[in-house]
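Predicted model only: the values in this text are computed from it and were never measured.
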Amino acid sequence: MAAPAEARPDVLLPAHEGPWTLEDVLALPEDNSQRIELVDGMLYVSPLGNAVHQRLVFEASYSLRGACPKEFETTIELNVQFDGDRLFIPDFTVLKKRGAKGLTVPAAEVLLIGEVLSRSTKVNDLVLKRQMYAEAGVSYYLIIDPAQDVPKAKLFELGDKGKYVEIARSAAGVLTFDRPFPVTIELPS
C-alpha cells in the first residue's frame with residue numbers, strides 16, 4: 001500500500017492541518033513524478049510505474065481504444081471522483097461517453113477501470129480500490145499483474161450483490177473478452 005503522504009519524507013507537500021479535501025488536492029501543483037490520491041481526508045502518494053508497468057498501461061489502453069465503440073472513450077491517468085472526498089487516478093479507464101472535460105470525471109461516468117499492479121500499489125489496487133470501485137458501481141475492473149515472467153490479467157464484472165466476479169483471465173500473455181465490448185490485449189513482458 002502506498003504510504004500516506006505524512007509518512008513519506010521524500011514527498012514535498014505544503015503545510016496542511018486537518019483532513020485533506022478534494023479542493024485541497026486539486027489545488028496542489030501538478031507533479032508528473034507521482035500520483036496523489038485521496039480517501040476520506042488522507043492522501044495516498046505513489047510513484048509512477050517502471051518501464052514494464054508503463055508498457056502494460058500503454059498496450060492495454062491502446063487495445064481498448066482500438067476496440068472501443070464510438071460512444072465510449074479510453075483514457076489514461078484520469079482523475080476519477082468518487083462519493084465524498086475520494087479521488088483516484090486509475091492507470092486507464094473507459095468512459096461511458098466521449099468528451100470528458102474538467103479536472104475530474106465522476107465515477108458514474110466510468111464503464112471500466114484498469115490498474116497495473118506494482119509493489120507500491122498492489123494492496124490498494126486489490127483491496128481498497130476494488131471495494132471503492134464496486135461501491136461506486138463501476139461495471140468492469142481490469143487488473144494486470146506484471147510480477148510474472150509472463151504478465152497475467154483478469155477482468156471482473158460487477159455482480160448482482162455489488163461484488164466483482166471474474167469473467168476473463170489471460171492465457172499465455174493474452175487477455176480476450178467480449179464484455180463490455182470485444183477486445184484482445186497482448187501483455188508484453
Side-chain angles (χ1 to χ4, degrees), residues 1-4 20-22 25-26 34-46 48-49 53 56-61 63-65 67-68 71-98 100 102-147 151-170 175 177-181 183 185 187:
M1 176 173 5
W20 287 82
T21 66
L22 185 61
V25 173
L26 294 176
Q34 60 193 1
R35 289 185 187 187
I36 300 175
E37 298 175 306
L38 176 67
V39 179
D40 300 335
M42 182 182 287
L43 297 183
Y44 288 87
V45 179
S46 58
L48 293 181
H53 182 277
L56 288 164
V57 169
F58 176 82
E59 289 301 329
S61 61
S63 297
L64 288 165
R65 183 175 186 262
C68 208
E71 65 268 21
F72 301 130
E73 180 176 24
T74 304
T75 65
I76 59 170
E77 300 176 356
L78 184 69
N79 292 319
V80 180
Q81 183 178 349
F82 292 76
D83 289 340
D85 275 342
R86 294 178 176 167
L87 178 77
F88 291 108
I89 307 171
D91 287 322
F92 52 92
T93 55
V94 175
L95 303 179
K96 294 177 183 177
K97 59 184 179 181
R98 302 185 70 75
L103 288 176
T104 65
V105 170
E109 294 182 15
V110 179
L111 175 67
L112 179 149
I113 284 183
E115 298 284 3
V116 176
L117 303 180
S118 66
R119 194 172 48 110
S120 64
T121 66
K122 187 173 187 173
V123 172
N124 273 350
D125 292 343
L126 293 175
V127 181
L128 176 69
K129 289 183 178 184
R130 182 175 173 154
Q131 178 184 338
M132 298 289 172
Y133 296 166
E135 287 176 4
V138 175
S139 299
Y140 296 92
Y141 187 31
L142 176 55
I143 298 174
I144 300 173
D145 186 352
K152 297 184 186 302
K154 295 178 184 178
L155 178 67
F156 298 89
E157 183 174 36
L158 193 58
D160 294 339
K161 296 181 180 180
K163 302 280 185 197
Y164 285 115
V165 177
E166 183 180 319
I167 61 168
R169 180 183 293 226
S170 64
L175 176 66
F177 51 86
D178 294 324
R179 296 190 313 266
F181 47 83
V183 66
I185 301 171
L187 305 166

Next item on the list: Taking S170 for its side chain and A153 for its backbone only, find out whether a donor-acceptor pair lies under 3.5 Å.
Entry: yes

Next item on the list: Calculate, to the nearest 0.5 Å, the distance between atoms CD and CZ belonging to E37 and R86 respectively.
Entry: 13.0 Å

Checklist line | Gap between atom CZ of F58 and atom CZ of R65 - 0.5 Å precision | finding: 9.5 Å

Checklist line | side chain to side chain contact (heavy atoms under 4.5 Å, CB included) assessment of D125 paired with I143 | finding: CA-CA 8 Å; D125 292 343; I143 298 174; 5.9 Å; no

Note to self: Would you say that D91 contacts I76 through its side chain, given a criterion of any heavy-atom pair below 4.5 Å between the two side chains?
What the structure shows: no

Notebook entry, point to check: Does any non-hydrogen side-chain atom of V110 lie less than 4.5 Å from one of L95?
Noted result: yes

Next item on the list: Not counting sequence neighbours, which residues clear side chain to side chain donor-acceptor pair (under 3.5 Å) with R130? List them please.
Entry: none

Next item on the list: Return the minimal non-hydrogen interatomic distance between P146 and L56, and the atom names on each side.
Entry: CB-CD1, 3.3 Å

Next item on the list: Indicate the ring-plane relationship of Y133 and F88, choosing parallel, tilted or perpendicular according to the 30° and 60° boundaries.
Entry: perpendicular

Notebook entry, point to check: Under a 4.5 Å cut-off applied to non-hydrogen side-chain atoms, are Q81 and N79 in contact?
Noted result: no

Notebook entry, point to check: What distance do E135 atom CD and F82 atom CZ have between them, rounded to the nearest 0.5 Å?
Noted result: 10.0 Å

Notebook entry, point to check: Atom OG of S118 and atom CD1 of I144: how far apart are they, to the nearest 0.5 Å?
Noted result: 12.5 Å

Check: Can a donor-acceptor pair be found between the side chains of S61 and T74 at a distance below 3.5 Å?
Finding: no

Checklist line | Smallest separation among heavy atoms of V138 and L111, with atom names | finding: CG1-O, 3.9 Å

Margin query: I'd like to check E115 versus Y141 (side-chain heavy atoms, cut-off strictly below 4.5 Å). Are they in contact?
Written below: yes

Check: With a 4.5 Å heavy-atom cut-off, do L155 and E166 have their side chains touching?
Finding: no

Next item on the list: Output, in order, the C-alpha distance, side-chain angles, deciding distance and verdict of side chain to side chain donor-acceptor pair (under 3.5 Å) for S120 and S46.
Entry: CA-CA 7 Å; S120 64; S46 58; 5.1 Å; no

Note to self: Keeping D85 on the side-chain end and G41 on the backbone end, is there a donor-acceptor pair under 3.5 Å?
What the structure shows: no

Next item on the list: Would you mind reporting whether I167 and F177 have side-chain heavy atoms less than 4.5 Å apart?
Entry: no

Notebook entry, point to check: With a 4.0 Å cut-off, would you call K97 and E73 a salt bridge?
Noted result: no

Next item on the list: Please round to the nearest 0.5 Å and tell me the distance separating atom CD of Q131 and atom CG of L126.
Entry: 13.0 Å

Checklist line | Under 3.5 Å: donor-acceptor pair, side chain of K96, backbone of A108 | finding: yes

Next item on the list: Decide yes or no on side chain to side chain contact (heavy atoms under 4.5 Å, CB included) for I89 and V80, but give the supporting numbers first.
Entry: CA-CA 6 Å; I89 307 171; V80 180; over 6 Å; no

Check: Which distance, rounded to the nearest 0.5 Å, do you find between the CZ of F181 and the CZ of R179?
Finding: 13.0 Å

Next item on the list: Indicate yes or no: at least one non-hydrogen side-chain atom of V45 is less than 4.5 angstrom from one of R35.
Entry: no

Check: Got F156 and V165 here, is their nearest side-chain heavy-atom distance under 4.5 Å?
Finding: no

Margin query: So does L117 get a backbone contact from the side chain of T121, meaning a donor-acceptor N/O pair under 3.5 Å?
Written below: no

Check: So, do Y140 and Y164 have ring centers that fall under 6.0 Å from each other?
Finding: no

Check: Taking L142 as the fixed residue, which of L175, V116, I113 is the one that meets the side chain to side chain contact (heavy atoms under 4.5 Å, CB included) rule?
Finding: L175

Notebook entry, point to check: What closest approach, in Å, do L78 and P90 show between heavy atoms, and which atom pair accounts for it?
Noted result: O-CD, 3.3 Å

Next item on the list: Determine, stepwise, if the pair S139 / L112 fulfils side chain to side chain contact (heavy atoms under 4.5 Å, CB included).
Entry: CA-CA 6 Å; S139 299; L112 179 149; over 6 Å; no

